[in-house]
**Student:** 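Sharing a structure below in structure tokens format, with a few things to ask.
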Amino acid sequence: MPGIFRVSGPRFPLCASLIGAGGLVVIPHTPQIPPELKSRIIIRQPLQVLSFSESSAGSAASDIEIPAETCMGLPGRTYVLPRDSSECLPRFEVGQRRHARIAACYVQNATARAHDRDTVQWQQTPSELRSLGSCAPGRANARATSDNDSDSVVDEEIPPHSPNPTMRIPDLFTQYPIVRDALVTPTSQAQDETVEACLPFLRGESDKVTTYNEHGVASLNRETHLPFLRQWLGRLPGRLMGFDAGRPWFFYWCLAALTLLGEDVTQYRADLVETVRFLQNPEGGFGGGFGHLSHLATTYAAVLALALVGGEEAYDVIDRKAMWRWLGRLKQPDGGFQVCLGGEEDIRGAYCAAVIITLLRLPLELTPESPAYKEDGSVNLLTGVADYVRSCQTYEGGISGQPNAEAHGAYAFCALGCLAILDHPARSIAKYLDVPRLISWLSSRQYAPEGGFSGRTNKLVDGCYSHWVGGCFPLIEACLNGSDKLPAADEPSLFSREGLIRYILTCGQDHSRMGGMRDKPGKFPDAYHTCYVLNGLSAAQHQWELDPPATTTTTTAAEEGGNDMAADTAALAEAAAEAVWAVLPYLGEEGPQIFDHKDRVRPIHPVYTIPTRCVKAMRDYYGTVEGF
Amino acid sequence: MPPKKKGGGKGKASQASKPPTATTEEKATSKDNATADKPPTKEKAKANDSAIGPALPPSSTTATTDPPPATSTTLPETQTILERTRARFTAARPYEAHLIFGPQQQQQSGPLPGKEPGLGGLGDLQPQERSAWLATRIAARIARRPALSATATTVGSATAELARVACGGGAKTIKEVWRIVNEGSVPLRAAGEKQFLGSATGPVSRRIVRWEGLSSQAKGPSAGAGAGKQVPSSSRESQTIAAAEARWERRVRLTCLSAESRCFRAQRDRERRGVCDDRTGERVVVTEQEVVEEKRRRLEIAALRREMSGQGAGSAARGVGKIASDPEWDDVVPVVLEEPEGALASIAYPADYAEAMSYLRAVMKANEHSERCLWLTEYIIKMNASHYTVWLYRAAIIFALKKSIADEIEWLNKIALANLKNYQIWHHRHLLVENHFPSISSDPSAIATFAASERQFLERILAEDTKNYHVWSYRSYLVNKLGLFSDPDELASIERMIDDDVRNNSAWSHRFFLVFSHPDRATPGVAATEPDPKVPPEIVDREVAYAQSKIRLAPQNQSPWNYLRGVLVKGGRKLSEVEGFTEEFVKGLGKGEEEEDVKSTHALDLLAEIYAEQGRKEEADLSLQRLGQKWDRIRFGYWEWRRRCLGMGAAAA
């Protein structure tokens, strides 16, 4: 039954964003649109969904008619395209700064004939079908449509192997990889055990999972995750005293996860403000607990948590002047940061510091008490950070925590986050890192059949890397899409979003009444994993777009050195922080959406890992403050 | 309460004189509900009475009014403090008991129709009883004044005082009072009213309400129905007598110990101030033995307090824990954690931990570097090893006190083995080495010894957790710091680990660092993914051969492939150098399902790069296509991107 999918541009009143509504990307298929555009139309404005309705009379100019079932979670299956919808198109060509490139394929009215044909092809080999369209099945179908010059085609995909005949699960996710070695070592044993533990969940056979959808994907257990998270914000038992040195982490993990699940966390504002107030040290920064030294990681977590709850009360609790001095004392001559006074120096520290500096709009100047201070003022808080990051890239392509260590997923995110704060990713990442090697390494982190990411070569998948590695891809995409030396990160995605979503929703969730997200089946859920697994889910469900870097003349300023260079750093960082990251639900050509609409989580800023509006509100507030 | 004057009064009095009644009734209730509400039979009451002992006739109606016992020692059947107190009270104040328990007894026997549960009132007493009651009160007040009772025999001043007390009643009244008292053998030393009546001076009615509350509690909820106001009795009152006595003993013990402890503190204080003993003329010294005794004493005090407050944990947080009980810490005022109301994610810290943290805050604030602080850090670390603050503090103390680094490392080893996933331990070790190194830097044999002992421990801990990131990071730091790049043992150690598990990427990573970060072979500032002209060709050849030999063991193992590629790039070689080797693992590419055989997707990946390097774009494209289509489908998007790289002429290298 067709429904009305109302789409509006900025000229129309906005009721709900596409993201909030669960999102669908719709591009009309009409005779006026040339066939080659059917599968690739660029819309220069994020679509806004106003409402769904059951009516079939899509007459308003801004309406696009599509079947109701599509709205309910089966995008890409069948779209009925109205005659007059082409009129909407020009209306989207508004807005210069933000743009979003959305690609979607449009097909109409499945026919039994086409259905059979596709089935046969799938049964031969799914990858061959992919090669037919040189891409995912969706595009294959789109091409078939244009070849047939017919308005009817199907994009139903029937996987050749499905243990559960009622579910459509590609065999990639139900079988061991086809290339395996005979040699058994502790690493391969652990890997096989993990696959063994994951397979029942992935195959749709686990009795722990109550609801699988037709794609063999479990639904997001919001009703258990929410109480789980609230519980972690409440009073914790004494056996968790090991976390005494990292209490602000709980604030961030839980509040961020609640936000991702669409909860309003402003109710925690007053309590959070009071709690962080007594964790703040007079010499700047926040400690892990009362009386603990200030630490960059806990300060980062506290600042993000305050940004999440928002409000002047929350912003005012931070002693920015003390924070600025303290950061200066942590700054090291090699460009990195110590995590606390006398503590270790690693890339985590650099990332946390960069986030804090830009979110709080701290001045970049150093005071003489900083170990990196230079009298000529040529060194500021962000000077040398990029070089430090560069020194952490390993021969494998990934990033290590400190120079000369092993490449590790969590540090990869920190590294890319740092570079994206320093400058536009297209410039900074490309300039300081070996991008092809990095992408090769990042992409190697994804395993089949699990679908999740591991943190290092030959290590096991772990739900938290859904964020640490999965969260790298929006930054990599921004880098590639703004670069003219490397091909853009086009369709299909650089990583298998389907694989990651399958892993998260089947293996990464605790399916018991306890709730929460976890490392892998057999592990207990916790706040840390709940936050980062949901972050990863968000990364897989959304697509980020950043304007390509404006061509600047600052490259010459770098050669002049001295103060100009320092000023340059500040200007670039400011521009990077002000850059608008546009987001849309991902609806690529990889295939149909395998998760239900209600299981879409909120998008989260790819660099700051909090909603974009929180970043903006906090920065705007400090922008209006005079001095400290 | 006029109706049923005497009989009721008697009945009440008789019941009141038997404190265990309630208990008896409760037992009865549990046995048989039907008899529960009935008053005990007269026989029963009599039996009880006779057991109680000699009667105290408050009036002439001795036969009907059961006398209260004279002494508490003859109340063996009382079981709780409340019961005993009641018994004693009754024994000492038969008339007040009458007043109080009168209505009480009515309740017990079921509310009589028309009879208000309330005051028996003075009106219930016979005129004789009334005068006796009055006399007792006056006499008791006199008796309670120690000055008076001491001089009670000397009539002079006593009489004057008595006269005053007897409210101006004159000598005759006094005489009369004493006569009544003597005749009735009224005990003068009765239990103080204040103790358990709350307000002794309050009006009778108030007291009665209080009593009702008490007695109803003692009896259970069924009896409380008629009481106007429930006053909760403290748990102390429902204690058994044995428990109360034990408690009393503890209190005495506690008082003694506290006094001794005060003496100790005073002595210690004198010692600190350098006071000389008056008798001996020597300076006051607190001996080791005394400190040990004091420690034991304080632990006992703490234990006693805990027992008496009935709390196990919370008391330590209030300052009677392990540290507070140690005289060593007497001069430190702990900074106690006071969480704000509604604090998020607040942890219910165990008492010991909370106490230790309070002391830590205090000594850190004072920036104290001492043995006791060192002990405190260890104490906390053993409870919570991820406490970065305490680790840094510990390092500062170690350096300030110039403690032996070797001892500290030995201690640290134990902690490290117990806490494998921990950042702080390794940073601490790092700080120790930083501090220790200058003292051995000029002595190569000392460095070698130190390196060997460190390696021994690292091997041990890596055997437990072969890919521990913190351990490996420390290991690379150590190699750099001690200059172990050329140490054959280090390379041999790594090779052993690779032999144990050829998939241990951490070991491969360390090997790459060891070989290519060697100061003789590395140009500073050259990134890991860039060629370095300083690397000798024979090293590159050696490493290529090493990687190849390991690849053959398990071709689908990415670690040596990454290593191989890394070595070639570092050495500035062409990837094509290993074309023949790589093709060993890929057969019949693109020649159909039957013929095509890929033993390693990593080989196919490298092959695509090799072909691209040689400009054989179609073959490169085919390799990537086959990876995405069949051999490594999860990375389909990546292989597609790589294909586009070919199109742009930018071979992914």
Side-chain angles (χ1 to χ4, degrees), chain A residues 127-128 130-131 172 179-181 183 185-188 232-233 235-238 240-242 244-245 247 250-251 271-272 274-275 278 290-293 295 340 342-344 390 393-396 401-402 404-406 434 436-437 443-444 446 448 456-458 485-487 492-496 499, chain B residues 335 337 340 342-350 353 361 383-384 386-389 392 427 467 469 472-473 476 501-506 509 512-513 517 527-529 553-559 562 566 570 598 600-601 625 629-631 633-638 640-641 644-645 648 650 652:
Chain A
S127 47
E128 272 174 11
R130 290 187 167 188
S131 69
L172 177 60
V179 185
R180 297 181 76 206
D181 288 329
L183 181 75
T185 66
T187 300
S188 64
W232 279 85
L233 274 179
R235 196 146 171 79
L236 305 174
L240 293 175
M241 69 174 171
D244 179 38
R247 278 183 54 197
F250 287 104
F251 314 152
D271 284 342
L272 179 70
E274 284 319 304
T275 316
F278 98 120
F290 174 53
H292 295 218
L293 290 175
H295 194 287
C340 59
E344 66 270 23
R390 177 174 182 257
Q393 188 170 27
T394 81
Y395 70 95
E396 291 192 278
Q402 294 156 331
N404 301 325
E406 188 185 0
D434 182 335
R437 278 291 88 203
S443 123
S444 295
Q446 194 165 25
R456 298 183 248 165
T457 305
N458 278 334
K485 293 195 181 69
L486 289 166
S493 273
L494 279 171
F495 69 109
S496 165
Chain B
V335 181
L337 166 78
L344 298 181
S346 63
I347 302 166
Y349 301 108
Y353 182 74
R361 286 179 207 115
M383 288 190 276
N384 179 8
S386 64
H387 197 304
Y388 59 88
T389 306
L392 289 170
H427 180 63
K467 298 174 181 177
Y469 200 83
W472 283 108
S473 298
S476 70
D501 185 350
V502 75
R503 297 184 175 99
N504 186 344
N505 197 60
S506 304
S509 222
F512 194 91
F513 158 72
S517 295
T529 53
L553 297 175
Q556 184 57 5
N557 169 16
Q558 199 173 16
S559 296
N562 282 350
K570 194 69 159 143
V598 173
S600 168
T601 59
Q625 216 174 325
Q629 286 168 351
K630 178 169 182 183
W631 300 106
R633 282 185 285 150
I634 190 77
R635 298 170 75 193
F636 174 72
Y638 170 69
E640 286 299 310
W641 179 77
R644 292 203 297 279
C645 286
M648 285 189 77

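Throughout, protein chains are lettered first and strands after them, A, B, ... in sequence-line order, and every chain is numbered starting at 1. The analysis underlying the following values was restricted to heavy atoms, covering all of them including side chains, and did not include hydrogens, waters or symmetry mates.
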**Student:** Could you label the plane-to-plane angle of the A/Y395 and B/F512 rings as parallel, tilted or perpendicular, counting under 30° as parallel and over 60° as perpendicular?
**Tutor:**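 Geometry flag for B/F512 against A/Y395: parallel rings.
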**Student:** Check whether B/N562 reaches the backbone of A/E396 with its side chain - one donor and one acceptor, N or O, closer than 3.5 Å.
**Tutor:**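 Pair absent, no side-chain N/O of B/N562 close to backbone of A/E396.
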**Student:** Would you mind reporting whether B/Y638 and A/Q446 have side-chain heavy atoms less than 4.5 Å apart?
**Tutor:**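 No, too far: nothing below the 4.5 Å cut-off.
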**Student:** Locate the shortest heavy-atom distance separating A/E406 from B/N505; write the atom from each residue and the value.
**Tutor:**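 Looks like OE2-ND2, 2.9 Å.
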**Student:** Quick one: which of A/A245, A/S443, A/G342 has the most heavy-atom pairs under 4.5 Å with chain B, could you say?
**Tutor:**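 The candidate making the most pairs under 4.5 Å is A/S443.
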**Student:** Can you find a heavy atom in the side chain of B/M383 that is under 4.5 Å from one in the side chain of A/D244?
**Tutor:**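 Not touching, per the 4.5 Å side-chain cut-off.
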**Student:** By a 4.5 Å heavy-atom criterion (distance strictly below it), what part of A/P186 contacts chain B: side chain, backbone, both, or neither?
**Tutor:**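 Both parts, heavy atoms under 4.5 Å.
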**Student:** Where does B/H387 contact chain A at under 4.5 Å (heavy atoms): side chain, backbone, both or neither?
**Tutor:**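 Both backbone and side chain of B/H387 come within 4.5 Å of chain A.
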**Student:** Using atom types as modelled and distance alone, determine if a side-chain donor or acceptor of B/Y469 lies under 3.5 Å from a backbone N or O of A/G401.
**Tutor:**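 Yes, because the side chain of B/Y469 sits within donor-acceptor range (under 3.5 Å) of the backbone of A/G401.
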**Student:** Please rank B/A554, B/G566, B/S476 by heavy-atom pairs under 4.5 Å with chain A and give me the top one.
**Tutor:**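 It is B/A554.
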**Student:** Counting only heavy atoms closer than 4.5 Å, note whether B/W472 contacts chain A via side chain, backbone, both or neither.
**Tutor:**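 Neither part.
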**Student:** Does a donor on one side chain sit under 3.5 Å from an acceptor on the other, for B/R633 and A/S496?
**Tutor:**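 The criterion, which ignores hydrogens and geometry beyond distance, is not satisfied for A/S496 and B/R633.
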**Student:** In Å and rounded to the nearest 0.5 Å, what is the CD1 to CG distance from B/I634 to A/L172?
**Tutor:**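 B/I634 CD1 to A/L172 CG: 4.5 Å, rounded to 0.5 Å.
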**Student:** For A/R247 and B/S346, what are the C-alpha separation, side-chain angles and deciding distance, and is it a side-chain contact (heavy atoms from CB on, under 4.5 Å)?
**Tutor:** CA-CA 8 Å; A/R247 278 183 54 197; B/S346 63; 3.9 Å; yes
**Student:** Non-hydrogen atoms of chain A under 4.5 Å away: do they reach the side chain of B/S386, the backbone, both or neither?
**Tutor:**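 Backbone plus side chain of B/S386, per the 4.5 Å heavy-atom cut-off to chain A.
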**Student:** Between A/R235 and chain B, with a heavy-atom cut-off of 4.5 Å, which part of the residue counts as in contact: side chain, backbone, both or neither?
**Tutor:**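 Both parts, backbone and side chain.
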**Student:** Shortest non-hydrogen contact from B/W641 to A/P436?
**Tutor:**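 Answer, listing the atom of B/W641 first, then A/P436: CH2-CA, 4.3 Å.
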**Student:** With rounding to the nearest 0.5 Å, note down the distance linking CG in A/L494 to CZ in B/F636.
**Tutor:**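 A/L494 CG to B/F636 CZ: 12.0 Å, rounded to 0.5 Å.
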**Student:** Closest approach of B/S517 and A/N404, non-hydrogen atoms and distance?
**Tutor:**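 Distance-wise, the nearest heavy atoms are OG-OD1, 3.6 Å.
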**Student:** Do you know which of A/G242, A/P237, A/C340, A/G291 has the most heavy-atom pairs under 4.5 Å to chain B?
**Tutor:**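 Option with the greatest count: A/G242.
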**Student:** Determine whether the side chains of A/D181 and B/N557 contain a donor N or O and an acceptor N or O closer than 3.5 Å.
**Tutor:**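 Absent: no donor and acceptor within the cut-off.
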**Student:** Measuring heavy-atom distances to chain A, does B/S506 have an atom under 4.5 Å in its side chain, in its backbone, in both, or in neither?
**Tutor:**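 Both the backbone and the side chain of B/S506 come within 4.5 Å of chain A.
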**Student:** Looking at B/T601, B/N504, B/L553, B/L392, which one has more heavy-atom pairs under 4.5 Å with chain A than the rest?
**Tutor:**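 Answer, by heavy-atom pair count under 4.5 Å with chain A: B/L392.
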**Student:** Are side-chain heavy atoms of B/L344 and A/F250 found at a separation under 4.5 Å?
**Tutor:**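 Answer no - side chains too far apart.
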**Student:** Side chains of B/R503 and A/T185 only: does a donor on one sit below 3.5 Å from an acceptor on the other?
**Tutor:**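 Distance-only check passes for B/R503 and A/T185.
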**Student:** Search all heavy atoms of A/Q393 against all heavy atoms of B/A528 and return the closest pair with its distance.
**Tutor:**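 Taking A/Q393 first and B/A528 second, the nearest heavy atoms are O-CB, 3.3 Å.
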**Student:** Would you mind checking which part of A/F290 comes under 4.5 Å of any heavy atom in chain B, side chain (CB onward), backbone (N, CA, C, O), both or neither?
**Tutor:**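 Contact with chain B involves both backbone and side-chain atoms of A/F290.
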**Student:** Chain B: which of A/A405, A/G238, A/A448 shares the most heavy-atom pairs with it under 4.5 Å?
**Tutor:**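 Result: the option with the highest number of such pairs is A/G238.
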**Student:** Say whether, by atom type as modelled, one donor and one acceptor occur between the side chain of B/K467 and the main chain of A/R456 under 3.5 angstrom.
**Tutor:**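 A pair under 3.5 Å: no.
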**Student:** Where the side chain of B/T389 meets the backbone of A/L293, is there a donor-acceptor pair that is under 3.5 Å apart?
**Tutor:**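 Yes, because the side chain of B/T389 sits within donor-acceptor range (under 3.5 Å) of the backbone of A/L293.
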